[in-house]
Amino acid sequence: MRALLDLIARHRAGEPCGIFSVCSAHPLVIEATLLHAHRSGAPFALIEATSNQVHQDGGYTGMKPVAFRDFVYAVAERVGLPRSRVLLGGDHLGPNPWQALPAEEAMARAHMLIHDYVAAGFRKIHLDCSMSCADDPKQLPGETIARRAARLCAVAENAHARAGGEPPVYVIGTEVPVPGGAPEQLETVTITTPAAVRATLEVHRASFVDAGLTDAWRRVIAAVVQPGIEFDHRKVVAFAPCKARGLAVVIEECDGMVFEAHSTDYQTASVLAALVRHHFAILKVGPALTFALREVLWALDAIEREWIAPALVSGFRNAVLARMKAKPRHWARYHHATGAQLDYELQYSLSDRVRYYWADPEVVRAQEMMFRNLTQKPPPPTLISQYLPIAHAAFRDDRIGDSPAELAMAHVWTVLDRYCAATSGGQRSADG
């Protein structure tokens, strides 16, 4: 993690630089991200798995940490990006997947989670014990959260001692936006107060010191706070720099630390740059990338229906909706409409619950069939222009071919370009 520590040092020295972290497990998003880093000349790409996606029982992707690492490295090798330029992180690592269990049982599973991540080579670790378990009070005291985070840090340090390599760096913080976006309509977002940040940092520092983790505390590079950004099903709450000046002052008091901003999805390029200037030097993005991917896949479905014989079409879009309705557990808490309104919400909500279904075997088969149809009989440029004008422009400029995967990645790159510009002063893009 020396490269990440060096970047934080440059930011702390006054350079308006940062890094964006891609939180996704979709093969095309990962490939687009690594190819983007390769073509743009970025020093490294940061890929993070969340505790819901990847854990010792497989998560919703079916992958354990070792499998996710090998999957990312295989994609990097295929696109020509050296492993040394791929950084792996774990997001929301703690009892999050096991909140229905008693705290000690959930924490025991979190211990194994942390161990497996670090043993597999993940070196950016977000210690998140902010959630209440079955026998916890509804609102956990800050001291409890910090003590649990220190316990997990000790597990990570021991795992690293056995595995070797660069020591882990850590992210702490409890005021995290709802993963995947807010379930309700939002008018405003409550910004973390400077006093709350100071309290969080102090209680964590004390817990680390009490646990004999003073050296590890020096490798805490970031804190997660709420800077006033969020998205719900239909709209985005934008960052207002004037309201976050107090937060910038607080982090400037802490040597070697920056803020990590979650739920930055769908923010504009100028807003992302403003976040970096206010010391939110680590920008997390996830649903915005799979939302962009879903836009492409829906467009390819439309192209297929216009171009391929009706008896051969995959019916991809309908297949995805059918699987979502057959297995509603990933969206039932968030969408309560019926009929056509439910169809709309499942497809177009900014919370992008579709992303939980890309690994479903029936969805995978339908996508493979659609891609095969459009590969065996490539659509004419006019159809690509009609449904995918951004990808068509890249195709016309000879930056991509006309394969379905390349068309999809070109669209995802438009999101990555915003983050690249915000964290590197606009000097890099996927076009080189």
Side-chain angles (χ1 to χ4, degrees), residues 1-5 8 21 46-59 63-70 72-73 83 86-99 101-131 133 140 142-174 200-224 256-257 260:
M1 282 291 135
R2 172 50 55 188
L4 189 52
L5 289 168
I8 300 297
S21 169
L46 175 56
I47 306 291
E48 298 203 47
T50 71
S51 56
N52 283 327
Q53 290 172 332
V54 176
H55 56 62
Q56 61 265 35
D57 300 321
M63 286 188 282
K64 299 179 180 180
V66 167
F68 184 82
R69 175 202 67 192
D70 292 346
V72 173
Y73 282 165
R83 289 187 182 184
V86 179
L87 306 183
L88 295 175
D91 198 27
H92 297 291
L93 300 190
N96 181 46
W98 305 287
Q99 294 178 55
L101 300 176
E104 281 307 307
E105 187 176 348
M107 283 297 293
R109 298 197 183 196
H111 284 198
M112 181 60 69
L113 173 77
I114 292 283
H115 171 275
D116 288 358
Y117 267 77
V118 175
F122 292 71
R123 288 295 182 267
K124 178 181 176 292
I125 304 297
H126 176 205
L127 302 169
D128 183 8
C129 296
S130 61
M131 59 292 299
C133 299
L140 282 183
E143 293 80 2
T144 301
I145 294 169
R147 283 197 303 270
R148 290 178 181 178
R151 285 173 57 184
L152 295 185
C153 182
V155 173
E157 291 291 286
N158 290 333
H160 167 254
R162 290 190 293 272
E166 290 189 283
V169 298
Y170 299 102
V171 176
I172 61 169
T174 59
T200 293
L201 293 175
E202 177 53 31
V203 73
H204 277 78
R205 185 200 63 79
S207 293
F208 275 53
V209 171
D210 289 347
L213 297 167
T214 302
D215 182 65
W217 178 253
R218 297 189 186 101
R219 285 180 271 115
V220 175
I221 62 169
V224 179
M257 288 186 66
E260 177 171 282

Between the main-chain N or O of His126 and the side-chain N or O of His92, is there a donor-acceptor pair closer than 3.5 Å? no
Counting only N and O atoms by type, is there a donor-acceptor contact under 3.5 Å from the side chain of Arg123 to the main-chain atoms of Val118? yes
Minimum heavy-atom distance between [X] and [Y], given as atom pair plus value:
X      : Y      : result
Leu201 : Ala223 : CD2-CB, 4.1 Å
Cys153 : Phe208 : SG-CE2, 3.5 Å
Ala150 : Ser207 : CB-O, 3.8 Å
Lys124 : Glu260 : NZ-OE1, 2.7 Å
Val54  : Ala49  : CG2-CB, 3.8 Å
Val155 : Ile114 : CG1-CG2, 4.0 Å

How many angstroms lie between [atom1] in [X] and [atom2] in [Y], if you round to the nearest 0.5 Å?
X      : Y      : atom1 : atom2 : answer
Ile145 : Ser130 : CD1   : OG    : 6.0 Å
Glu157 : Arg219 : CD    : CZ    : 4.0 Å
Cys129 : Arg151 : SG    : CZ    : 8.5 Å
Met131 : Arg148 : CE    : CZ    : 10.0 Å
Arg205 : Ile172 : CZ    : CD1   : 11.0 Å
Ile221 : Leu4   : CD1   : CG    : 4.0 Å

Between Trp98 and His55, what is the ring plane arrangement, given parallel below 30°, perpendicular above 60°, and tilted in between? tilted
Identify, with sequence neighbours excluded, every residue that meets side-chain contact (heavy atoms from CB on, under 4.5 Å) alongside Arg218. Thr214, Asp215
Considering residues at least two apart in sequence or located in another chain, which fulfil the side-chain contact (heavy atoms from CB on, under 4.5 Å) criterion with Arg69? Val66, Tyr73, Leu88, Ala120, Phe122
With sequence neighbours excluded, what pairs up with Glu105 under the salt bridge (Lys or Arg N to Asp or Glu O under 4.0 Å) test? Arg109
Candidate pair Tyr170 and Leu152, rule side-chain contact (heavy atoms from CB on, under 4.5 Å), full reasoning: CA-CA 11 Å; Tyr170 299 102; Leu152 295 185; over 6 Å; no
Heavy-atom side-chain contact between Leu127 and His204 under 4.5 Å: no
Go through the steps for Arg2 and Glu166 under the test salt bridge (Lys or Arg N to Asp or Glu O under 4.0 Å), then give the verdict. CA-CA 8 Å; Arg2 172 50 55 188; Glu166 290 189 283; 5.4 Å; no
